[in-house]
There are 2 protein chains.
Amino acid sequence: MKKKREGKTTSKIFDDHDHGMCFDDAIEQIENYFLKKNLQFTPLRRKVFEILIRDHKPLGAYEILEALGRDGFSSSPPIAYRVLDFLMEHGFVHKIQGLNAFIACSNPNHSHSPAFVICRKCEKVAEVDEKKSGISFNSPNIDNFEVEKTTVEMTGVCTTCSRAATI
Amino acid sequence: MKKKREGKTTSKIFDDHDHGMCFDDAIEQIENYFLKKNLQFTPLRRKVFEILIRDHKPLGAYEILEALGRDGFSSSPPIAYRVLDFLMEHGFVHKIQGLNAFIACSNPNHSHSPAFVICRKCEKVAEVDEKKSGISFNSPNIDNFEVEKTTVEMTGVCTTCSRAATI
DNA sequence: CTGATAGTGTTATGTTATAACATGTTATGA
DNA sequence: TCATAACATGTTATAACATAACACTATCAG
């Protein structure tokens with residue numbers, strides 16, 4: 001049952017996202033990817049991904065562990081960290097460094113260098129596409145340094161929060 | 001006694017920096033800044049800054065604490081974190097999120113949004129200037145979201161390390 | 001002198017992450 | 001088919017990073 005996205009007037013970047021769509025599609029995409037790559041989409045991995053994609057907000061490793069515990073899985077720390085590492089390797093989960101938290105990827109299709117917009121009040125996070133957002137993060141002119149991974153995070157206050165109160 | 005920089009052939013970005021100069025200047029700059037702003041450059045604050053600027057490499061809070069202890073200061077965690085927060089507020093220290101570590105700022109003059117290039121092998125870090133490095137990190141087209149702070153880190157392997165060994 | 005502020009110190013604890021090793025399960029190939 | 005390798009999960013313990021809460025001192029404005 002896919003939700004249709006409702007017209008909204010709030011901060012576009014945080015809402016420009018059909019989450020019902022996203023959930024179903026995301027599960028399908030990850031299944032296909034794992035099949036194709038001959039990797040195991042085990043119950044544990046599926047569960048961790050579902051936990052992340054269902055909230056679609058950043059969760060700390062220990063929050064994920066609690067959720068795992070509630071669902072009958074082991075909840076000792078290495079369980080979460082191992083699965084998260086695995087899902088990150090394959091681009092289905094990103095770590096938000098500024099929050100020590102993990103979030104399901106919004107764009108598992110592209111192999112991208114994601115950028116995140118983080119509201120420091122509500123801690124909502126939007127993963128923005130380089131092109132759509134107007135960010136351009138050009139390959140830097142750094143002699144002989146091969147960039148393997150980029151971390152780009154922008155922190156501020158989202159429209160909803162800034163409307164709700166003066167800082 | 002200011003060291004003159006020797007001709008080198010290693011990764012430019014990590015070496016394009018006169019550290020002898022940097023140390024002396026940095027101390028002077030921070031002193032002036034604090035004077036001007038009527039802030040106290042206390043022995044503890046000075047020591048923390050000196051520890052960071054003298055190595056000019058990222059140090060974890062607990063490494064800084066050890067150094068403080070060796071120099072006769074208290075080495076309980078809040079000491080380091082408080083001073084680091086203070087120095088970060090004023091732009092003399094940055095946190096490298098990818099390493100949970102702190103580094104003295106290379107450019108305390110400009111109020112900038114720094115970007116860091118990190119070698120994942122030797123953990124050397126270079127703070128790069130947007131313009132010099134060719135990075136362009138344009139203000140993103142995000143409706144009504146005011147970016148207060150950016151984190152930009154690029155991880156890879158520096159020339160020295162990649163020459164030293166195949167991955 | 002009094003009360004406010006800032007700086008430092010201390011104890012205790014909270015939070016995040018990993019090391020090291022054990023167990024089960026599946027695939028491979030001699 | 002049996003050894004073995006590779007992978008996935010589980011467990012215990014601990015490491016590494018960070019903050020809360022409160023105490024003490026010094027300085028300074030009123």
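Chain A is the first sequence line, chain B the second, and so forth, proteins listed ahead of strands; every chain is numbered from 1.
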Is A:N100 close enough to C:dT15 that one of its side-chain N or O atoms is under 4.0 Å from OP1 or OP2 there? no
So, OP1 or OP2 of D:dA18: does either fall under 4.0 Å of a side-chain N or O from B:Y81? yes
Nearest-Å distance for atom pair CD1/P, residues B:I79 and D:dT25: 15 Å
Stretch residues 34-46 of chain B: residues that reach within less than 4.0 Å of DNA chain D through a heavy atom: none
Taking C:dA17, D:dA18, D:dT11 as options, the one with an atom nearest any side-chain atom of A:P77 is C:dA17
Would you mind telling me which of D:dA18, D:dT9, D:dC22 lies closest to the side-chain atoms of B:A61? D:dA18
Hydrophobic cluster identity match, B:V48 and B:I103, side-chain contacts under 4.5 Å: no
Out of curiosity, does B:L44 fall in the hydrophobic cluster containing B:Y33 (side-chain heavy atoms, cut-off under 4.5 Å, transitive links)? yes
Looking only at heavy atoms, what is the nearest atom pair of A:Q97 and A:E153, with distance? N-OE2, 2.7 Å
Among residues 84-98 of chain A, which residues get a heavy atom nearer than 4.0 Å to DNA chain D? none
Look at the side-chain heavy atoms of Ile, Leu, Val, Met, Phe, Trp and Tyr, link any pair under 4.5 Å apart, and say whether B:V83 and B:I51 land in one connected group. yes
Looking at the side chain of B:S74, which of D:dA18, C:dT10, D:dT11 is the nearest nucleotide? C:dT10
What's the CG-P distance between A:L99 and D:dA18, to the nearest Å? 14 Å
Might you point out which heavy atoms bring A:M154 and A:A115 nearest each other, and give the distance in Å? CE-CB, 4.3 Å
Among the nucleotides D:dT9, D:dT19, D:dA18, whichever has the atom closest to the side chain of B:P78 is D:dT19
Restricting to non-hydrogen atoms, name the atom on A:V93 and the atom on A:M88 that form the minimum distance, rounded to 0.1 Å. O-CG, 3.2 Å
Begin from the C-alpha positions of A:R46 and A:I27 and carry the test side chain to side chain contact (heavy atoms under 4.5 Å, CB included) through to its verdict. CA-CA 8 Å; A:R46 173 186 290 271; A:I27 299 283; 3.9 Å; yes
Measuring from A:R70:CZ to A:L65:CG, what's the distance to the nearest 0.5 Å? 10.5 Å
Nearest of C:dT16, D:dC17, D:dA13 to any side-chain atom of B:Y62? D:dC17
Nearest whole Å is fine: how far is C:dC21 P from A:R82 CZ? 14 Å
Atom NE2 in A:H90, atom CZ in A:F41: separation rounded to 0.5 Å? 12.0 Å
